[in-house]
Amino acid sequence: MSDESDVENGKHRDDAATKDSPIQDDRQPSDLTRSDNDEQGTDDVQGRTRRLLGKIFWTPPWCRYDPKSPPTFSIAQNVLFAFAGAFTVANLYYNIAILNVLADDFDVSYYQVSQIPTLMQAGYAVGLLLICPLGDLFPRRPYTLILIFFTATLWIGLCVTRSFNVFLAISFITSITTVTPQIMLPLVGQLAPPKKRPLSLSIVVSGNMLGIVIARILSGVVAQYTNWRNIYWIALALQYIIFAALYLFMPAYPSTNPLPPNNQWKAFCKAYPRLLFSILELAYKHAVLVQAALISFCTSTSFTCFWTTLTFLLSSPPYSLPPTPIGLFGLIGIAGIFLGPLYAKYLIQPLKVPLYAVVLGELVNLLGSCIGTYTGSFFLGGPVIQAFCLDAALQITQIANRTAIYAVAPDARNRVNTVFMLFTFFGQIAGTAAGNVIYDKHGGWRSSGSLGVAAVATSFLVVAARGPWEQGWIGWGGGWGRRDPRAGYPQSQKEEREKNGAVGDRPADAPAAEEAGTALETRGDRLSVIGRARSAAFTRQLSHGSDGHAMYGEDGRDLR
């Protein structure tokens, strides 16, 4: 209903109330004038605020969204997102290789300094749960820029503080907002053409993993030859470079669930709790999402168990390696990271079914884990082979699982990614904590490595519990064929399927629907095309421009 209608209806209600009630409006003309002035003042404040935000988040003309000619996802954007993800993820890992140096500089014990990575992991989990889902609510460009700018500015405190407690607090807060790679990944899954999606995702995932490796190596080298604070100054410069690059070249894309233009704060307060609750609903509704998340949990457990205990193995007899060679051991992982796009192009895409690629990745994982675990205590080549295989397995399974889950809820890709990454993160914690305890108190390298082998074996049970075409939680409905058994239907079912948005003999979740830019949603046991009226409403959305107008439909309606 328009504002004019609201005013008119309100006028009629006031007239009726005046007739029926003996109580008259005893306000003086000055009071009425003051009330009108207050409303006008409020409108002026909102207008000034909107204009200020428009100037702050001014979008270059070449980045603005044109509904008539939406921006295409290019390889340059893919590389930009990978670069941004790499040196944003790195923020979490600079401290790991220099914990002993930090302990000496802040004059604290090793136990106290170990709180830094623990708090940063906890902060990252909080960010995944509370910050990432908002990527489905807010426009991605300004939201991403705000998070990066906030993180970079607060990071200055880590470079200059002399207080260990302040260092802990800032580390925790910055790790909460260091979740922008997990906002970019769903965006890549949305924008990349279906045929190129595995390759596009592999480039960004490879960038994120490269950031982990670079952070460990770079911080160790810089801390050994200069002051440890220099690595934090370098990280600060990199974050502002990322902010500038995204500001200049990240296109403005419409929000998938925009807030209405009026009463935005009230609408946000109502929408945000529902947004968080919907994360649980997504896990409850989509069995393929839970299956992918559980597989990622097992893979991450094996991965972090190996890398956490590897330092203990290499620094002890018979190897007794110094810190620098141990840090450079991470270079083995870089080879596997750069092979990620090749895995996507020549392994995942030809297999066509993501679950097949998951099985292949876990077989590589199991082979490497067995070799490294049971030969590593006397043969240095064992951990080398295991490091390469674990990186390859993580790449293959991550890309395949992400390809599988990005079709389940197109309007909620950030929340889908939140479910997936929370399980991944919990697997990392489990591998780190359990691996250290088992290595220290229950038999050393072979015992901790056996935990990784058991985690990989568990992932095969998760794969075997549900076939690639099964619509329920457990079962093998549709078999294990490469072709979706729903691809052809009897003539009697075609009319019903067309009502649900499917076309011809093609299933409703066929890639052609995605190539046409049509959104998909789950209906019953299959994916269906969302009504064109809603798709048209989203097409009418505009991007933030120099005048600061918001990303809503041209008619100002709540498009949700």
Side-chain angles (χ1 to χ4, degrees), residues 93 96-97 206 209-210 212-217 220 295-340 342-343 347 357-398 424 427-461:
Y93 298 96
I96 291 179
S206 297
M209 295 183 63
L210 185 63
I212 298 174
V213 176
I214 289 178
R216 292 172 174 171
I217 296 175
I295 293 171
S296 184
F297 175 91
C298 297
T299 307
S300 298
T301 299
S302 173
F303 184 84
T304 56
C305 178
F306 167 78
W307 284 104
T308 300
T309 56
L310 179 65
T311 301
F312 303 146
L313 172 71
L314 298 180
S315 61
S316 304
Y319 306 117
S320 301
L321 297 178
T324 300
I326 294 175
L328 294 177
F329 206 86
L331 291 173
I332 298 171
I334 293 182
I337 290 170
F338 282 112
L339 289 174
L342 298 180
Y343 299 147
L347 292 179
V358 170
V359 173
L360 177 62
E362 295 300 353
L363 285 173
V364 174
N365 197 349
L366 183 63
L367 176 64
S369 296
C370 289
I371 292 176
T373 296
Y374 303 113
T375 67
S377 57
F378 59 86
F379 173 54
L380 187 60
V384 172
I385 296 173
Q386 184 175 0
F388 182 83
C389 289
L390 259 63
D391 280 309
L394 186 66
Q395 287 265 46
I396 295 170
T397 56
Q398 284 265 343
T424 303
Q428 293 176 1
I429 293 178
T432 300
N436 283 334
V437 172
I438 293 174
Y439 188 97
D440 186 46
K441 298 182 179 180
H442 300 285
W445 175 255
R446 286 194 179 184
S447 297
S448 63
S450 296
L451 171 65
V453 173
V456 178
T458 303
S459 71
F460 282 105
L461 297 178

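- Judged as a side-chain contact (heavy atoms from CB on, under 4.5 Å), and not counting sequence neighbours, the contacts of Ile438 are His442, Ser447, Ser448, Leu451.
- The nearest pair of heavy atoms linking Gly361 to Ala393 is O-CB, 3.1 Å.
- Counting heavy atoms from C-beta outward, Val358 and Glu362 have side chains that approach closer than 4.5 Å.
- In this structure Ser377 satisfies the side chain to side chain donor-acceptor pair (under 3.5 Å) test with no other residue, sequence neighbours excluded.
- Of the inter-residue distances, the one linking Thr299 atom OG1 with Phe297 atom CZ reads 10.5 Å to the nearest 0.5 angstrom.
- Taking the side chain to side chain donor-acceptor pair (under 3.5 Å) definition, one finds that Ser369 meets it with Asn365, sequence neighbours left out.
- Listed by chain and number, the residues in a side-chain contact (heavy atoms from CB on, under 4.5 Å) with Leu363 are Val359, Phe460 (sequence neighbours excluded).
- Remark: Thr375 pairs with Ile371, Phe378, Phe379 by the side-chain contact (heavy atoms from CB on, under 4.5 Å) rule, at least two apart or across chains.
- Smallest separation of non-hydrogen atoms from Leu310 and Pro383: CD1-CB, 4.0 Å.
- None of Val456, Leu366, Val453 except one satisfies the side chain to side chain contact (heavy atoms under 4.5 Å, CB included) rule with Ser302; the exception is Val456.
- A side-chain donor-acceptor contact under 3.5 Å links Thr301 to the backbone of Gly427.
- Tyr93 approaches Ile212 most closely through the heavy-atom pair CE1-CG1, 3.5 Å.
- Take Ser296 and apply the side-chain contact (heavy atoms from CB on, under 4.5 Å) test, not counting sequence neighbours, and it matches Ser300, Gln398, Phe420, Thr424.
- Between Cys298 and Ala455, the shortest heavy-atom distance links the atoms CB-O, 3.2 Å.
- Two residues are said to be in side-chain contact when any heavy atoms from C-beta on lie closer than 4.5 Å; Asp391 and Trp307 meet this criterion.
- Under the side chain to side chain donor-acceptor pair (under 3.5 Å) criterion, Thr373 pairs with no residue at all, not counting sequence neighbours.
- Taking Tyr374 as the reference, Ser450 meet the side chain to side chain donor-acceptor pair (under 3.5 Å) condition, with sequence neighbours excluded.
- Annotation: side chain of Leu313 is in contact with side chain of Tyr439 (closest heavy-atom distance under 4.5 Å).
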